[in-house]
Amino acid sequence: MNKSTMWWIIGLVVLAIIIIFAAKSMNNGSSGLATSTDNNATTTPTTAYVVPSENRSTETVFSVAESLSGSSQFAALLKSTGVDKSLGTTTYTVFVPTDIAWNKAPKASVSGLTAAQKKRLAEYHIIVGRSVDTDAMKFGTIQAMSNDALNFSVVGNDKTPNVNSSSIVRQYKAKNGIVYVIDAVLLPPIKK
């Protein structure tokens, strides 16, 4: 093998290594979501819009969700389905629709649900084992407690964080996760 061929082979190997490292660094965090199981972790926001936040680190996610002004319908759903009792000491992300959001929800989608469907609806608003940081989020999906996918994105010029088609309007940091107030009810996908 002559020197010219050897240098071409070395160049190709180096190029392949660079491509592999670039692909790996693009895939690390391919969900586009910053998550943490450490409630004290901090991240630098990568979006223009930062969700207003309040620290309630002495309360659990359920007690925060239950105490929020204008969210009584969601708290009642958690209690009536028993989902509140299934929230243990692990980390959670909970999306709490306002009472106004419940009143805007399609009546056919919410009224007349069976007990199992109501439980699935409540569980669709909860992520188990993760504290999702929507300020650092770009895009992606995460499985909800109901085993259905929640879709995350940023929209508009101000890059407002969204879960499904609901905008996140406020966040509360609790001792076992984070609670987001959202402006629309998250409806689980229709099962086929």
Side-chain angles (χ1 to χ4, degrees), residues 31 33 35-37 39 51-135 137 140-153 155 160-192:
S31 71
L33 299 174
T35 61
S36 173
T37 54
N39 292 332
V51 176
S53 180
E54 184 178 322
N55 189 350
R56 293 201 182 172
S57 60
T58 60
E59 299 177 61
T60 66
V61 289
F62 177 68
S63 63
V64 170
E66 184 181 46
S67 69
L68 293 176
S69 176
S71 66
S72 61
Q73 292 184 57
F74 182 71
L77 178 69
L78 287 177
K79 285 182 180 179
S80 70
T81 58
V83 172
D84 64 326
K85 302 259 189 285
S86 65
L87 300 180
T89 58
T90 191
T91 304
Y92 297 95
T93 303
V94 180
F95 299 96
V96 179
T98 62
D99 289 340
I100 293 170
W102 283 103
N103 295 335
K104 289 181 182 178
K107 299 300 178 213
S109 299
V110 178
S111 65
L113 294 177
T114 66
Q117 291 169 326
K118 285 181 182 179
K119 183 176 182 181
R120 180 175 173 227
L121 177 64
E123 290 176 341
Y124 192 53
H125 290 79
I126 301 169
I127 296 171
V128 179
R130 290 181 163 187
S131 184
V132 177
D133 183 353
T134 62
D135 286 338
M137 164 182 72
T141 60
I142 294 181
Q143 184 176 349
M145 187 178 194
S146 66
N147 293 320
D148 300 295
L150 289 167
N151 300 300
F152 294 86
S153 63
V155 296
T160 302
N162 275 21
V163 56
N164 292 359
S165 60
S166 177
S167 293
I168 296 171
V169 295
R170 187 152 185 84
Q171 69 180 351
Y172 296 88
K173 294 178 181 176
K175 69 179 175 184
N176 64 332
I178 193 159
V179 175
Y180 290 104
V181 176
I182 54 177
D183 66 359
V185 175
L186 303 175
L187 299 174
I190 297 171
K191 291 191 176 184
K192 296 178 182 179

Under a 3.5 Å distance rule, please check whether N147 uses its side chain to pair with a backbone N or O of Q143 as donor and acceptor.
no

Quick one: closest heavy-atom pair of K118 and L77, and the distance?
O-CD1, 3.9 Å

Does some side-chain heavy atom of D99 sit less than 4.5 Å from a side-chain heavy atom of S72?
yes

The complete set of side-chain hydrogen bond (donor to acceptor under 3.5 Å, both in side chains) pairs with one or both residues in residues 77-88, sequence neighbours excluded, reads E66-K79

Side chains of T89 and N176, donor plus acceptor under 3.5 Å:
no

With K175 as partner, the option from V61, T91, T60, T58 fulfilling side chain to side chain contact (heavy atoms under 4.5 Å, CB included) is T60

Residues in side chain to side chain donor-acceptor pair (under 3.5 Å) contact with T114, at least two apart in sequence or another chain
Q117

Using the ring pair (Phe, Tyr, Trp, His ring centres under 6.0 Å) criterion, which residues pair with Y172? Sequence neighbours excluded.
none

For R130, is there any backbone N or O sitting under 3.5 Å from a side-chain donor or acceptor partner on T93?
yes

Using 30° and 60° as the class boundaries, would you call the ring planes of F152 and F95 parallel, tilted or perpendicular?
tilted

Between N151 (side chain) and N164 (backbone), is there a donor-acceptor pair under 3.5 Å?
no

What pairs with D148 under salt bridge (charged side-chain N to carboxylate O under 4.0 Å, His left out), at least two apart in sequence or on another chain?
R120

Is a side-chain donor or acceptor of Y180 paired with a backbone partner of V132 at a separation under 3.5 angstrom?
yes

R170 vs L68 side-chain heavy atoms within contact, under 4.5 Å
no

List for me each residue that meets side chain to side chain donor-acceptor pair (under 3.5 Å) alongside E59, sequence neighbours excluded, and say none if there are none.
none

Go through the steps for Y92 and I127 under the test side-chain contact (heavy atoms from CB on, under 4.5 Å), then give the verdict.
CA-CA 6 Å; Y92 297 95; I127 296 171; over 6 Å; no

Under 3.5 Å, is there a donor-acceptor pair between the side chain of T98 and the main chain of V181?
no

Answer whether the closest heavy-atom distance between the side chains of M145 and V83 falls below 4.5 Å.
yes

Rounded to the nearest 0.5 Å, what's the gap from CZ on R56 to NZ on K173? Could you check?
14.0 Å

Shortest non-hydrogen contact from I182 toward V163
CG2-CG1, 4.1 Å

Between Y124 (side chain only) and K119 (backbone N and O only), is there a donor and an acceptor less than 3.5 Å apart?
no

If you compare all heavy atoms of S71 against all heavy atoms of A65, which two are closest, and at what distance to 0.1 Å?
OG-O, 3.3 Å

Going by heavy atoms in the side chains, are Q73 and N103 under 4.5 Å from each other?
yes

Testing the basics here: between S57 and N55, what is the closest heavy-atom pair and its distance to 0.1 Å?
N-OD1, 2.9 Å

When you compare the side chain of K104 with that of V185, does any pair of heavy atoms fall below 4.5 Å?
no

Qualifying residues under side chain to side chain donor-acceptor pair (under 3.5 Å), relative to S165, sequence neighbours excluded:
none

Go through it in stages, so that I can follow the logic: the residues are S166 and D183, the test is side-chain hydrogen bond (donor to acceptor under 3.5 Å, both in side chains), and I'd like the CA-CA distance, side-chain angles, deciding distance and then a yes or no.
CA-CA 6 Å; S166 177; D183 66 359; 3.2 Å; yes

